[in-house]
Amino acid sequence: MSNEDNEMLTMALSKGRIFEETMPLLEAAGISVNESPESSRKLILPTSDPRLRLLIVRASDVPTYVQYGAADFGIAGRDVLYEYMQEQPGGLYQPTDLNIAKCRLAVAVREGFDYEEAVKKGARLRVATKYVNVAREHFAKKGVYVDIIKLYGSMELAPLVGLADAIVDVVSTGGTLRANNLVPVEDVMPVSSRLIVNQAALKTRATRLMPILEAFEKAAI
Ligand code: ADP
Ligand code: PRP
Ligand code: MG
C-alpha cells in the first residue's frame, strides 16, 4: 500500500436534499453514514470508511471548499456552480451529472403582470434573485434592461411587496410560486447536482478518488 492509499479523503456536502439524495450514491460505493446532519451539530461527519469524511457546508459554499482543496470533492447544484464560476473560474473538475436535486431556474412574476408586454415595450425590469450572475446573463442575452436586486432567500416575497417586478429562482413542483400568487414566465436553465473535484487532488490522489468517483458515476441514474 502506498502512502496515498492511507490518506483521508474529504467530501463537501450541504445538508437537506443534497445530503439525503447523496446517501444512496454513497451506499452504492459501499459507504454508510451513521450520523445525520439534521440531528447532529457536528460539521465533520465520519463515514463507515475510516478514510472518508464529510464536511457539512452551505450549498453555495461547496464550490469554495473544493476549489481551495479544503475538500477533495463535493456535490453542488448547477445553479450554484454556474453562479460561482462567473466569479471564480477554474480549479474545479466536473466529471458527472448525478441527476439528483432536479429542478429548474425560472423567471417568475406576479399573476396579472404582463411580462411579455413589458419586454416588448423595452421596460426596465427590477429583478430580485440570489443568482445575480445567471440573471444578468439571461436578460442581457434577451436584450432586456434589468436592475438586479440581490437577495439571500424567500425571493418569492419580492414581487408581492413591490421590491421587484420579477424573480429568478429555483422551481420544482411550482408549489411555492402558486402559494404566493406568482407564475413562471420563462425558463432560465435546467438544474441538477453534479460531482465537483479539486483538480490538484485528481492528480495527486487519483488512486483514492477514482474508485469513489466511478461508483458514483455508475449509481447515478
Ligand atoms: P439552500 O436553499 O440552503 O441553498 P437547498 O438544499 O435548498 O439549499 O438547495 C441545494 C440545491 O438543491 C440548490 O442549489 C438546487 O440545485 C437544488 N434545489 C433547491 N431547491 C430545490 C427543489 N425545490 N427541488 C429540487 N432541487 C432543489
Ligand atoms: C426551494 C426554492 C423554492 C422552492 C421551489 O426552497 O428556494 O422556494 O424550493 O420548489 P417548489 O417549486 O417545489 O415549491 P426550499 O424548499 O429549499 O426552502 P429554502 O427557502 O429553505 O431554501
Ligand atoms: Mg433551499
Side-chain angles (χ1 to χ4, degrees), residues 11-26 33 35-41 43 45 54-67 71 73-88 92 94-111 127-138 148-161 163-197 216 220-221:
M11 178 186 196
L13 272 183
S14 53
K15 63 180 174 184
R17 54 175 59 86
I18 289 187
F19 184 90
E20 302 303 330
E21 294 189 41
T22 298
M23 286 308 106
L25 299 177
L26 275 176
V33 182
E35 279 172 276
S36 149
E38 303 305 331
S39 52
S40 167
R41 297 292 300 162
L43 299 175
L45 297 184
L54 308 183
L55 303 188
I56 306 301
V57 304
R58 290 294 297 265
S60 49
D61 289 335
V62 169
T64 309
Y65 278 82
V66 176
Q67 178 154 16
F73 67 116
I75 296 180
R78 185 174 178 219
D79 51 337
V80 161
L81 277 171
Y82 202 96
E83 192 65 22
Y84 183 82
M85 297 302 254
Q86 308 284 319
E87 282 169 24
Q88 308 240 59
L92 287 177
Q94 297 184 34
T96 311
D97 183 350
L98 297 170
N99 268 316
I100 59 170
K102 286 176 95 163
C103 52
R104 67 190 207 272
L105 279 176
V107 180
V109 298
R110 260 177 98 147
E111 235 169 65
V127 178
T129 186
K130 75 176 174 191
Y131 304 99
V132 294
N133 295 313
V134 173
R136 200 167 280 128
E137 190 178 301
H138 175 77
I148 306 275
I149 300 175
K150 164 95 184 181
L151 291 178
Y152 292 88
S154 301
M155 265 77 80
E156 292 88 354
L157 190 57
L160 305 180
V161 294
L163 180 61
D165 303 305
I167 60 171
V168 170
D169 194 14
V170 162
V171 179
S172 172
T173 62
T176 309
L177 292 182
R178 279 193 297 279
N180 293 291
N181 300 315
L182 302 180
V183 287
V185 288
E186 203 162 72
D187 282 351
V188 176
M189 63 167 75
V191 172
S192 53
S193 283
R194 290 155 181 250
L195 263 177
I196 53 174
V197 185
F216 269 60
I221 330 122

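Whatever order the structure lists them in is the order used to number ligands and atoms, beginning at 1.
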Heavy atom of protein inside 4.0 Å of [atom], strictly below:
atom	result
atom 19 (P) of ligand 2	no
atom 1 (C) of ligand 2	no
atom 22 (O) of ligand 2	no

So, for [X] and [Y], which heavy atoms are closest and what is the spacing to 0.1 Å?
X	Y	value
Ile75	Ile196	N-CG1, 4.5 Å
Asp187	His138	O-CE1, 3.8 Å
Ala71	Leu55	CB-CD1, 4.3 Å
Glu35	Leu45	O-CD1, 3.7 Å
Val62	Leu13	CG2-C, 4.2 Å
Ser192	Lys102	CB-CG, 3.9 Å

Between the main-chain N or O of [Y] and the side-chain N or O of [X], is there a donor-acceptor pair closer than 3.5 Å?
X	Y	answer
Gln86	Val134	no
Arg78	Arg194	no
Glu186	Val107	no
Gln67	Leu92	no

When you measure from [atom] to every protein heavy atom, which one gives the shortest distance, and what is it?
atom	result
atom 9 (O) of ligand 2	Arg17 NH2, 4.4 Å
atom 5 (C) of ligand 2	Val170 O, 3.4 Å
atom 18 (N) of ligand 1	Arg17 CD, 3.6 Å
atom 11 (P) of ligand 2	Thr173 OG1, 3.3 Å
atom 25 (C) of ligand 1	Lys102 O, 3.2 Å
atom 4 (C) of ligand 2	Thr176 OG1, 3.6 Å

Report, in ascending order of atom number, the atoms of ligand 1 lying under 4.0 Å from any heavy atom of [X].
X	answer
Gly77	16 (O)
Ser172	22 (C), 23 (N), 24 (N)
Val191	16 (O)
Val170	19 (C), 20 (N), 21 (C)
Val80	14 (O)
Ile18	10 (C), 11 (C)

So is [X] in contact with ligand 2, going by heavy-atom distances below 4.0 Å?
X	result
Gly153	no
Glu156	yes
Arg178	no

_Using a 4.0 Å cutoff against the non-hydrogen atoms of Val171, which atoms of ligand 2 qualify?_
12 (O)
*Do any nitrogen or oxygen atoms of Arg78 come within less than 3.5 Å of a nitrogen or oxygen of ligand 1?*
no
*asked:* Below the 3.5 angstrom mark, is there an N/O of Asp79, backbone or side chain, next to an N/O of ligand 1?
replied: yes
From [options] - option closest to [atom] by heavy atom:
atom	options	answer
atom 10 (O) of ligand 2	Ala101, Ala106, Ser172	Ser172
atom 10 (C) of ligand 1	Ala59, Ala101, Ser193	Ala59
atom 12 (O) of ligand 2	Ala179, Gly174, Ser154	Gly174
atom 4 (O) of ligand 1	Lys130, Lys15, Arg58	Lys130

Could you tell me whether the side chain of [Y] reaches within less than 4.5 Å of the side chain of [X], counting heavy atoms only?
X	Y	answer
Glu83	Val132	yes
Phe19	Leu54	yes
Phe73	Met11	yes
Leu151	Leu163	yes

*Do other residues, nucleotides or ligands put more than 12 heavy atoms under 6.0 Å from the OH atom of Tyr65?*
no
*Kindly compute the distance separating CG (Leu177) from CZ (Arg110), expressed to the nearest 0.5 Å.*
14.0 Å
*Is ligand 1 under 4.0 Å from a heavy atom in the side chain of Thr173, in the backbone, in both, or in neither?*
neither
*Which is it for Asp169 and ligand 2 at heavy atoms under 4.0 Å: side chain, backbone, both or neither?*
side chain
